[in-house]
Amino acid sequence: MTLIRNSFLASCLFASAAFAQQTDVTVAIQLEPPHLDPTSAAAGAIDSVLYTNVFEGLTKFTKTGAVVPALAKSWDVSEDGLTYTFHLNEGVTFHDGSAMDAEDVKFSLDRARAEDSTNAQKALFAQIAEVTVVDPVTVEITLSELNGNLPFNLAWGDAVIVAPESADTNTQTPVGTGPFAFDTWVQGDRIELVQFDAYWGEKPALTAATFKFISDPTAAFSATMAQDVDAFVGFPAPENIAIFEADPRFQVINGSTEGETILSTNNKMPPFDNVKVREAVAHAIDRQAIIDGAMFGQGTPIGTHFAPHNPDYMDFTASSAYDPELSKKLLAEAGFADGFTTTLKLPPPSYARRGGEIIAAQLRAVGIETEITNLEWAQWLEEVFRGKDYGLTIVSHTEPFDIGIYARPDYYFQYDNPEFQDLMAELTATTDPAKRSELLATAQETIAKDYVNGYLFQLGVATIADANLQGLWPDQPTQAVDLTGVSWK
């Protein structure tokens with residue numbers, strides 16, 4: 001009798017364990033953030049970990065790219081379109097227990113647009129003339145000129161709300177208002193988050209999350225296959241995807257990103273200040289060979305800086321079609337019949353390192369020699385993005401709807417076209433959809449015909465995940481690994 005009872009208890013315990021719901025997750029991504037403050041760096045890896053998980057803005061992007069309320073539950077726009085009144089959710093607290101109110105919103109936006117701001121997307125806030133606290137849950141933003149994009153701009157990771165008490169230390173110990181609080185950062189390895197008990201909104205199913213950083217494609221394959229991680233977002237070894245597709249333990253989620261992958265050109269550095277040289281570079285590039293060789297077919301060719309899935313996309317790939325003989329002719333006309341040598345500085349992602357080798361060979365075939373330097377992400381940000389010390393580089397711009405960066409003469413590729421700047425100013429002030437589409441078509445054509453950069457492909461994103469994990473974003477309308485809706489079956 002005792003034996004039967006003990007056996008019965010053992011089987012019950014086994015069944016209970018089998019049906020226990022897993023509530024933690026380990027997600028791998030390729031790049032480690034250089035620091036943890038999304039309001040003071042251009043590195044998309046910061047948003048990958050922290051966007052909507054730890055930090056929140058007045059608005060946010062959903063998995064479809066739609067802009068919806070976040071810390072602001074609603075907003076009103078004045079008749080003249082110059083004043084936005086945001087109504088905040090009540091009872092919101094930061095992870096240190098302090099209340100989040102309109103004063104924090106004013107501080108965050110004033111800090112982002114200040115003269116000494118280090119915000120990588122400071123231009124998003126350029127039309128803000130004044131931020132006024134009406135009461136603790138109401139804030140008024142007055143614009144100096146019309147900007148129909150304001151709710152969209154405020155959804156960027158660069159516009160999240162931070163507290164004055166923790167703003168200066170967010171780089172190492174981020175304090176936000178999101179459903180997950182920062183716990184641990186073991187640099188070179190992982191970041192650990194835990195569910196925030198006092199979260200103001202709907203609590204996530206997960207109680208803890210670990211982000212692992214695995215930059216090497218071979219190591220990524222091994223860790224995923226061994227199930228050391230539950231998901232790998234942006235899996236960096238596309239040649240191995242078929243193996244996971246055939247394994248029932250896994251699911252393969254193929255999606256798209258906002259990432260225009262470009263051979264970025266320093267437009268102020270000779271000889272790239274000559275449009276014929278830039279055009280020659282464009283015609284030396286075989287996009288499909290790069291997509292096939294570096295990305296194993298994952299990617300959509302582009303001929304301008306605009307996402308093909310956007311309804312206003314214009315296809316200008318023909319204007320920079322692969323034509324090495326034309327490339328040589330243009331170089332000769334520009335005074336470089338014997339070619340020239342330049343730098344090609346490559347950040348860590350596979351599309352850059354693998355694509356860089358292919359592009360170097362393609363450029364060599366028309367007489368352009370490249371001195372390749374492989375940089376870590378922090379080095380790339382310092383030398384290339386901030387220092388503008390480069391001839392060519394490869395990078396994917398994953399920010400949503402970011403053609404406006406070409407209106408910034410001091411941006412790292414240093415394109416200075418007053419007509420384009422006026423065009424973007426007109427676009428910002430335009431709300432009529434048909435007129436906006438017309439202006440966007442002109443904008444795409446302008447930078448395509450100026451050959452500002454070598455436009456390569458729209459970056460795809462593949463996620464390899466445990467077959468029982470659900471709720472991961474298939475696409476990345478902004479660079480983020482949003483865990484708020486993730487759970488186990």
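When a residue number appears, it is its place in the shown sequence, counting from 1.
Taking the side chain as every heavy atom from C-beta outward, Q251 and T463 never approach each other to under 4.5 Å. Contact check for E260 versus L456: no side-chain heavy atoms found under the 4.5 Å cut-off.
Using modelled atom types and a 3.5 Å distance limit, the side chains of Q127 and N147 yield a donor-acceptor pair. For E371 and T343, the side-chain atoms include no donor-acceptor pair closer than 3.5 Å. Counted by atom type alone, N119 and S117 present zero donor-acceptor pairs between their side chains at under 3.5 Å. For W380 and T393, the side-chain atoms include at least one donor-acceptor pair closer than 3.5 Å. A donor atom on one side chain and an acceptor atom on the other are found under 3.5 Å apart for Q479 and T398. Side-chain N/O atoms of D416 and Q421 include a donor and acceptor closer than 3.5 Å. T52 and D482 share a donor-acceptor pair across their side chains, judged by distance under 3.5 Å alone. R287 and S320 share a side-chain donor-acceptor pair at under 3.5 Å. Residues D450 and Y415 have side chains that bring a donor and an acceptor to within less than 3.5 angstrom of each other. Of the N and O atoms on the side chains of T177 and E56, at least one donor lies less than 3.5 Å from an acceptor on the other residue. For D96 and S98, the side-chain atoms include at least one donor-acceptor pair closer than 3.5 Å. Remark: the H305 side chain and the Y406 side chain contain an N/O donor-acceptor pair separated by less than 3.5 Å.
Taking the six-membered ring where the residue is Trp, Y411 and F413 present perpendicular rings, their angle passing 60° and hence far from 30°. Between Y390 and Y412, the two ring planes are tilted [angle within 30° to 60°].
For Y351, there are no ring pair (Phe, Tyr, Trp, His ring centres under 6.0 Å) partners at least two apart in sequence or on another chain. Not counting sequence neighbours, R278 has no partner by the salt bridge (Lys or Arg N to Asp or Glu O under 4.0 Å) test. Not counting sequence neighbours, the partners of F221 by the ring pair (Phe, Tyr, Trp, His ring centres under 6.0 Å) test are F244. For the ring pair (Phe, Tyr, Trp, His ring centres under 6.0 Å) test, no residue two or more places apart in sequence or in another chain qualifies with Y322. With sequence neighbours excluded, no residue satisfies salt bridge (Lys or Arg N to Asp or Glu O under 4.0 Å) with E103. The ring pair (Phe, Tyr, Trp, His ring centres under 6.0 Å) search around F180 returns none, not counting sequence neighbours.
Between R354 and D292 there is no salt bridge, since no side-chain nitrogen of the basic residue lies less than 4.0 Å from a carboxylate oxygen of the acidic one. The existence of a salt bridge linking D389 and K345 is confirmed by a sub-4.0 Å separation between a basic side-chain nitrogen and an acidic carboxylate oxygen.
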From CA spacing to verdict: side chain to side chain donor-acceptor pair (under 3.5 Å), Q414, N266
CA-CA 6 Å; Q414 303 191 92; N266 192 334; 2.9 Å; yes
Verdict with supporting geometry, R408 and D402, salt bridge (Lys or Arg N to Asp or Glu O under 4.0 Å):
CA-CA 11 Å; R408 305 181 200 171; D402 60 350; over 6 Å; no
Take K212 and D189 through the salt bridge (Lys or Arg N to Asp or Glu O under 4.0 Å) test and state the conclusion after the steps.
CA-CA 6 Å; K212 290 277 291 182; D189 182 38; 2.6 Å; yes
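Evaluated for a side-chain hydrogen bond (donor to acceptor under 3.5 Å, both in side chains) with W185, the options Q172, E32, E192 yield exactly one hit, E32. For the side chain to side chain contact (heavy atoms under 4.5 Å, CB included) criterion with L36, the lone passing option out of P34, P38, P33, S40 is P33.
Rounding to the nearest 0.5 angstrom, the gap separating the CD1 atom in I302 from the CZ atom in F457 is 8.5 Å.
Remark: the backbone N or O of E399 is not paired with any side-chain donor or acceptor of H397 at under 3.5 angstrom. With D315 contributing its side chain and G303 its backbone, the two residues share no donor-acceptor pair below 3.5 Å.
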